[in-house]
Amino acid sequence: MARIIAGVASSHVPAIGAAIDNHRTDEPYWKRVFSGFEKSKEWMAKANPDVCIAVYNDHASAFSVEFVPTFALGCAAEFPPADEGWGPRPVPVVKGHTELAAHIAQSVILDEFDLTVVNKMEVDHGLTVPLNLMFGSPKEWPCPVIPLAVNVVLYPPPTGHRCYMLGRAIRKAVQSYPEDLRVVMFGTGGMSHQISGPRAGLINSKFDKAFLDNLSKDPQKLVRMPHVEYMREAGAEGIEMVMWLVMRGALDDKVDEVYRYYTVPASNTAVGHIILENRARGGKSAPARKSPAGKRKPAAARKARAPARRAAAARAKVATVRN
Ligand code: DHB
Ligand code: FE
């Protein structure tokens with residue numbers, strides 16, 4: 001059975017991609033940004049997922065404003081980098097996972113989420129910058145990546161609740177896939193930013209940090225937040241944060257926050273980043289779990305968690321059978 005082992009959220013600021021491509025990562029301004037992802041790259045190398053699902057938004061690169069699907073799942077074998085005005089970024093072609101993507105499309109659509117199936121698509125900074133932040137700049141991306149594009153550029157975008165519920169449906173789809181795959185889910189975009197109009201340059205760190213706290217511990221506080229609140233508090237482009245709720249919906253209710261980074265600014269944007277692990281993970285290359293002190297938990301504590309683990313296994317079984 002496939003399973004989602006963790007979720008990663010990260011901003012996707014295009015200037016981060018330009019800093020990498022133009023070899024400027026050692027400049028003090030950019031060093032501050034990239035230093036926050038050193039531990040993340042180590043975490044990712046250890047987690048060593050078989051597949052990633054990347055929830056991101058296209059910025060009129062693959063879809064012009066003539067045609068913007070609300071949710072579009074990349075089911076192709078590969079996704080070349082898009083030309084965003086300065087030629088395509090010099091990053092590897094993103095290889096998809098056609099079987100898992102087709103399975104997710106079937107499961108999620110039969111669960112009444114009307115995804116658009118995309119068999120040919122280029123991917124822009126919205127996807128490739130978070131991949132760089134988590135994997136560095138390898139010759140080939142180390143695992144297949146299934147892109148899930150969400151419309152956050154043309155009104156009306158989907159609600160946070162709809163995004164969260166789509167995450168739930170994706171989790172069910174993944175858990176009903178028979179092969180033993182370990183999947184990491186990316187939520188990308190954000191945090192607070194506004195790139196045009198009288199409020200251009202707006203950043204709201206208080207809002208961003210509360211969002212990170214709730215994403216980690218109490219996502220139900222976020223799922224009913226209306227669009228106007230994102231716009232007012234986090235700027236027009238802050239709406240990108242609804243995509244983080246797809247990632248969060250695909251995780252268990254209770255997760256372990258293993259890493260967080262926040263810095264201001266990168267270009268016009270507050271950079272936020274968090275890594276959340278599901279507690280029931282295990283599997284071939286899962287890193288060893290330790291209590292915070294680095295020691296095994298006392299037997300009583302291990303026993304207390306056993307029913308939760310059994311319940312998680314039972315839930316997974318039900319999802320498999322139902323599908
Ligand atoms: C910026 C951020 C974005 O998310 C984007 O898509 C374009 C520009 C910026 O901060 O400049
Ligand atoms: Fe953006």
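- When every heavy atom of P92 is checked against every heavy atom of W141, the shortest pair comes out as O-NE1, 3.0 Å.
- Here the straight-line distance linking atom OH of Y164 with atom CE of M247 works out to 11.0 Å at 0.5 Å rounding.
- Between the side chain of N278 and the main chain of D252, a donor-acceptor pair closer than 3.5 Å is present.
- Looking at S267 and H193, their side chains never bring a donor and an acceptor atom within 3.5 Å of each other.
- Cluster membership check: L212 shares its hydrophobic cluster with M243, using side-chain heavy-atom separations under 4.5 Å among Ile, Leu, Val, Met, Phe, Trp and Tyr.
- Nearest heavy atom pair, residue D50 against residue D180, reads OD2-O, 3.9 Å.
- Using a 4.5 Å heavy-atom cutoff, the side chains of L73 and F71 are not in contact.
- Taking the ring centroids of H12 and Y56, they lie at or beyond the 6.0 Å cut-off.
- Hydrophobic cluster membership is shared by I239 and L166, with clusters built from Ile, Leu, Val, Met, Phe, Trp and Tyr side chains linked at under 4.5 angstrom.
- Contact check for F34 versus I16: side-chain heavy atoms found under the 4.5 Å cut-off.
- In summary, of the residues considered (Y259, W244, Y261), a ring-ring contact (aromatic ring centres under 6.0 Å, His included) with H273 occurs for Y259 alone.
- A salt bridge is defined here as a Lys NZ or Arg NE, NH1 or NH2 lying under 4.0 Å from an Asp or Glu carboxylate O, and R89 with D124 fails to meet this definition.
- Note that the OG atom of S192 and the NZ atom of K209 stand 10.5 Å from one another [nearest 0.5 Å].
- With salt bridges taken as basic N to acidic carboxylate O contacts below 4.0 Å, one links R168 and D253.
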